[in-house]
Every structure is written in C-alpha cells, then in structure tokens.
A.B. asks: 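Got a structure for you, questions after.
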Amino acid sequence: MNISLVSYGLGNLGSVVNMGKRAGAKVTLVSTPDEVLASERVILPGVGAFDEGMDRLQSRGLVEALREFAASGRPLLGICLGMQLLLDGSEEGTSPGLGLVPGNSVRFSESAGVRVPHMGWNTVEPTRADPLVEGLPDDSRFYFVHSYRVVPNREEDQLATTNYGGPFASMIRADNVVGAQFHPEKSHAFGMTILKNFAAA
Amino acid sequence: MSVVDRETRSYQQCTVTVMDTTDPDIEFDADGASSYVAFFNRRYAATLERAQRGERSDELAALVEKIKADGKGKPYDVVIGISGGVDSTYLTLSAVRLGLRPLCVHFDSGWNSEAAVDNIHNLVTSLGLDLYTQVVDWREMRDLQLAFLRSGTANADTPTDHAFGYVAYHQAQKYGIKHILSGSNLVSESILPTAWGYTSADSKHLKAIHRRFGAVKLKTYPVMSSLVRTLWYPYVRGISTHALLNYLPYHYSQVKQEIARDVGWRDYGGKHYESVFTRWFQGYYLPERFGFDKRLAHYSSLVLAGEMTRDEAVALLAEPNYPEDLRVQDHEFIAKKLGISVADLDAIIASPPRDYTDYPNSEASTKALFDFTARVGGILRKLGILR
Amino acid sequence: MSGFPRVIPVLLVSDGYLVKPVRFKGEHYIGDPINAVRIFNEKQVDELFICDIDATVKKTGVNYTLIEEIASEAFMPVGYGGGVASAAEARRITGIGIEKVVLGTAALTNPEAISEVAFALGSSSTVVSVDARRRLTGGWDTAVERGRRKTGMTPVEAARRAQELGAGEVLLSSIDRESTFSGFDLPLIEAVSQAVTVPVVALGGASGYDDFRPALDAGASAVAAGSMFVLNGKHRAVLISYPTPSQVRALSRP
C-alpha cells in the first residue's frame, strides 16, 4: 500500500509519515509533477495560509500535476489546508484553488459565539456510508485546528459534518477526491482508521 | 550446561509439563517426565496443595499477626513492590484485606507500558495507598541495558531486576518496617532453569559487565552488593521477605477477575507485558538469540500447580504470542530508546551469545555464603538467639 | 461552544531529561521523556506541551533530536516551547511533526517574533506563553526567563499584545500556583479570558480532575497541568496518569 505525500514546504509531514507506517502503508515524499503523476494515491497536507499554499504548489508545477492526477481517477486526500486548496478559492486569500471540488472557504464568525480558530477535538458525523469512514466507532473524535471552513457548492460533496457554532463540512468527497478538515495524523486511533481506509482505497 | 553450546541433542519434551531440551540441563526419567516434575513433587507440591485448599490459613494468620505487631506505631506494616502485573496487584489487595498497611514501591525502569502505569494508578487510588517510585538517571539505565545486551548473556533484564530488591529494602529501612511482601509464587514460578538466566542479584557480575561494555558512570543506579542483600538487610536490619501468595489459594482466572473488579486492573496480555523491554526480551530476544522461550517454564509451573492442563499449554505455545507488527514496533522503539540504530540492535542480536560464566561472578562465593549463613542461622535458632 | 475542552499535560525537559521543577527553583528528576510521551499517546491524551527549560535560560538552543524522537511517538498535537525566537526555527520544528510552537521569553521581549512566526506557521500554530505572578498590592505581573525577570506588563496586556501580533492561543501560567496542588488561579484566568478572543489554556495549581470545571467556567478553553499528571500521592511518586476518555468528555458543558 503506497501513499505519496506532497512535500511543498507546508504542513506536518513527519506525523503523517509516522502514522502511515503504523497503519502498514509505505509513505513516500513527492515534490515534483512527475513523482505526483507516478503515484498510486496522494495525500496533500497543509498548514498555514491559502495563498501561500497555492503559490508554493504553483511554483513547483504541482497545480497542473494534481489536477491531472485527480482527473486520472486515482485517490487524492487533502488534509486541513490541503483540503481547502481542493476547492475554487478562499476568503483568506486571492489565489484560485485547485478547483477539484466546487465551493469556497469562509472564515468562522465569532458572532456565532465561538472562539476562532476552531482548535481542539470534535466529533464528525458522516452524512452517508463511505469507505473512508468505515469502521469508525461511535465516540470517534478528531483534532481540528483551523480558522476557515469549507462550503462545498453541491450538497452531495459533503461527506461529514461537525458542529462548531453551527454545522460545517468537515469531510468532503467528489468521486476520487476527498478531504478532511481535521488532522488524522493527530487523531490517535481514529485518525489511523481514516488513513488505513485511504491506504486501502 | 550452557545454552550457548547448543549441541545436537535430540529433541525431547516432558510428558507431564512442556519443558524440553531447549533447557540444556533437563533430564528425563524412564516415563519421559522431566526432572522438574520430581523436584516439584518433592519440594513444593505438598505446600502448594495445602495453600490451594486453604489449609495454610493458620500459618497466614500467625504471619499477619507478627507483621502487625512489628508495625505498631509505624506509618506502614509492610513494603510491597508493585509492577502493575497480576501477582503484585493481587498481593497488595490481599494484604489490605488482611488488615495490613502497605507502602507500595515501584521501580521505574523507563520501560513501563501504559497498561502497567494505569494498573498501578488504579491500584493505589482505589485502595487509598501511598506510593514511592524509584527513578534512575535514564542515561545510566540505558548504558547498563546496552552493556548487558552487548555482553551476550541471557539475563538482559538484570538492570531492572537488580534494582527492585534495593527499592523495597531501602524504603523498609527508612520507615523501620520489618517485613516485605514479595509477589513470587509457586503457581507460576516454580520452574526456572538456571541455564535460562543467571540471577540478577549478583552485583559483582553486574559491575564486571558494566566495566567491560558500559561507558556511563553509575551514580543514581542502585547497585546492591550480595553481602548487603543477603546479610545486612535480613540479619542486621531484621527485614524479612515473605511470599504471601504461597499461603493463599491462588487461581489465576479467579484472581484476574477479582482484581479487575476490585482495583480496576486491566489485562494487557502476556506475563510481564508491563514492561515493553521485557515483552520484547522474552518474546523475541531470548528465542531469537538463545533459542528458548520462557513461556515453557511459566506454563509448566501452571501445569504442575493444576492451573492448566498440558494440552492447554501445548495449544497456547502453538499460538504466536508476540504479533510481528508489535514486535517490529517494539524493536524500533527499543533501539530508539537505547540510542542505537535498528541495524546496530540487529547486529547485537546476531552476534554469538555468551554464558554468564564467561564473566566475573560471585556464584561460588554466594553459595558458600548462603550455606554458611543458613548453618549459622540454624545454630543461632537452636540456641534461641535468633527467632 | 461546541467541541470538547482540552486537557493537556505539560512536560518540562532539562538536559534531555523530564523534570518537574518545584516553584521554578530546583528540579525533581522524572525520567525519560520518550517513554512518557509514548504512555500519554497510548492514553489518547488530547494534546501535549513540551517545554525545554534550559533552552532559554541556559541558551542551549532548540534540541531538534529530542523533538524528532518525541514527535515520532505522538499521534496527537504536540506543542513545543523553549528557545524558539525565529520563524525559521519554528518552521523546522513544525516540519518535524510538532503541531504548535510556544513562544515565551522571545515573544514578550521581542514582539516581532510573534508576528513572524504567526505569519510563517499560521496563528493556530502560534502559542504565546504568559507567566503571571501575583503582586502583593493586588493584580499580577508577567515574568520571563522562568520567572526571573519582570516585563512590566500585566498578563492582560501581554495576552492582548500577543493576540494583536497574531498568536492563535495563550498559555496562561500561574507561577505562584505551579506544583502547589492548590487549585487554579481563577481570577487570573477570568481576567485574561475576558480580554482576548483566542483560546486560553490555564496552567498552574491543578490538584485533581475536580479543579478543571471551575477553570473552564472561568473562561479557559483548555486546562493544563504538570505535576498532577506525573506525580502521585504524598511521596510525589513518579507515575503518569491521565483521565479516561469518558472523564474528559464529562467536562463538556451539556
């Protein structure tokens, strides 16, 4: 089970590699378009600002490569900022996103009575059965840390919701492209289940 | 005979227990029963049977009375070494039920598993007991641990075991406590081939191995000389050690249920799984480097005690008790903790094993000392000078 | 507010060893940090903070080897603090697998460091540590370098400044309460929580799980403790403990 992890200067690679190993997968870092296109399945991590993320992908030629990879039907998982980059854009910046899932990211509003960023453990409610969330126990919780949340245009692209000052999309799926707002690599056994499921995809 | 000279002796297994020729000293009688059976029947069977039938309750009561009397006016009556395992947990629960006031002591080897720590916490919290933990400078411990692995001797768990005795004695002395309760018991530990591991109590041996293979000076690690261990504490300080479990009916399935129910004990699978090092040591290191599996001794003891049938033991032994993915994880963790690469650890394991007799040890002199003190003790008792 | 309150052990490291200082003076040796992290990880701890107390005071710099070893045992967020003064260092630390960087002395004596790190990592990965000490005349001061120097700011001022400069979280410690098992400094927590909108993590004085609810009610988003999770009983025996998942869940407001 091979997973390619995109290394573009943002995001917590060490933890994903470690958890992948524990989950029984082989995780390799990739940073060039060729490497991405030669992969079986790809994880796009990311922590930080939207524009910086897109800039870095762009300067490495990875924007086109990721679009092509997604078009080939192979599994692509975006984590945290990586998930937000999958959509068309974000309130946080001006760059266009990868456009693989129609929608945008918007900032959490303090007026909803919550502190921003959303930081901590929270539950995730899948909206339907899906191989990615198979085997998750009822008391599953995941670690979130983000100030922006995704709003997919199509309701069917919403895979799971989480409540933080109101429900928001914590997981998305458009065919072979999936996203998780939380950090599976920081979510103990629950995150491990997600990664194991993705490795088997 | 040493495990190191693994000569071509044809394989044979005891017909009563599951001990076999991976113990080079084993002998069989005409019926194929190993020497351990006869030894057990001669030495332990009667005592164990009486205990299991509850017939030792008078002796137990007398012992408890003595302990309580000696403990009057002191903050505790007994010191108990706990590890999070079944034996020491049940021992502590039994002591409290008998009305004793224990001080629990624990040696933190740096290898505690999460389950062990949890069990210790639940035990002291649910019974409201005080705990003392001995810690050792990790760099010393790591160095000593590596030294033993490099020495190639079978008892690589010596660094942890050697320190246990010190902690209990030291705390007992501190509070003027005259009694230590030990979790050792005949049900699971009546058999232990000497070829499978030299005693951890030999400080001369420990220091010799450390001198040869170690690099960090031992400043916080408690080295206890045999003289202190066998003479000073027991005879001068008058601290006696009692294997209390040998006075009680002791049946594992019932015991495990009780401690789970009464003190929140969690079963983590496998004897000695409370230490990550020990489970790797017994589950991988010994079989891989030395060719024997300590489970044989453990199960054989249980068989002789009537806790397990031979068939059950054989079935259990056929099961892999150490899943490979856990083994690999432990292996990497141990290498990381010891500060060496996995390749280095593999190289150590691949190098030829050695016998403890290859290094300085005080086996002969200790035996002589033991015999001497036993004889003197006997005389003194006869003269009424020693109780 | 939805989302569970976090319960966070704080581990202090000195010379590569786990230690527990008593009231910022002297140290009590605890053991090997790697095994401690592994055990907390198996206990499904919400989050962990590791602070290298030598790094700033003795200027030993960031111990990347130790951080790497710790990160490989942790499948939950880990915050690291101690001697981090630049965005480059912060990036390197998070690249290894650490979730957040805790800025202490550097932040309050060189505020641009906060902005730099927040810009490089994002606010949510930037924590500023505010160590408060009570004034005899009432109120508190903020101190740096493990309590050795006063900054002239109150904790409220320091926390506000940190948020303005981009910090996504404040780690608020009571120097007076640390290691005393006498409960959290609730007025301190209240004052600072009301002054900022970023999450506040309360640290210092926890003696038992019953202390957590009052701290959360006072406005903290998370509670942290050092001694309580590594020491047990009157003999201060080294023993790691942590509430069960259901005990942690019980802290959520219904």
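Any value given below was found using the heavy atoms of this structure, including those in side chains, with hydrogens, waters and symmetry copies removed. What you see is a predicted model, and the numbers here were worked out from it, not measured in a lab.
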A.B. asks: Please classify the contact between T197(C) and chain A as side chain, backbone, both or neither, with a heavy-atom cut-off of under 4.5 Å.
C.D. replies: both
A.B. asks: Which bit of V196(C) comes within less than 4.5 Å of chain A, counting heavy atoms only: side chain, backbone, both or neither?
C.D. replies: both
A.B. asks: With a strict 4.5 Å heavy-atom criterion, list every residue of residues 38-54 of chain A that contacts chain C, or say none.
C.D. replies: V47(A), G48(A), E52(A)
A.B. asks: Just checking heavy atoms, which of residues 176-193 of chain A are less than 4.5 Å from chain C?
C.D. replies: H183(A), E185(A), K186(A), S187(A), H188(A), A189(A), F190(A)
A.B. asks: When only pairs under 4.5 Å are counted, which of S124(C), G122(C), P77(C) shares the most heavy-atom pairs with chain A?
C.D. replies: P77(C)
A.B. asks: Checking heavy atoms, do the side chain of S7(A), its backbone, both or neither come under 4.5 Å from chain C?
C.D. replies: neither
A.B. asks: Measuring heavy-atom distances to chain A, does S193(C) have an atom under 4.5 Å in its side chain, in its backbone, in both, or in neither?
C.D. replies: both
A.B. asks: Are E99(C) and M119(A) close enough, and set up right, to give a side-chain contact (heavy atoms from CB on, under 4.5 Å), and what steps lead you there?
C.D. replies: CA-CA 11 Å; E99(C) 180 68 26; M119(A) 177 153 57; over 6 Å; no
A.B. asks: Considering only heavy atoms, give the residues of residues 63-71 of chain C separated from chain A by less than 4.5 Å, sorted numerically, with 'none' for an empty result.
C.D. replies: A71(C)
A.B. asks: Do any side-chain atoms of residues 17-30 of chain A form donor-acceptor pairs under 3.5 angstrom with protein atoms, and if so which ones, sequence neighbours left out?
C.D. replies:
residue: N18(A); atom: ND2; partner: G14(A); partner atom: O; Å: 3.2

A.B. asks: Do other residues, nucleotides or ligands put more than 12 heavy atoms under 6.0 Å from F119(C) CZ?
C.D. replies: no
A.B. asks: Counting only N and O atoms by type, is there a donor-acceptor contact under 3.5 Å from the side chain of W121(A) to the main-chain atoms of D46(C)?
C.D. replies: yes
A.B. asks: Can you see which heavy atom on S15(A) is nearest to which on F75(C), and at what distance?
C.D. replies: O-CE2, 4.3 Å
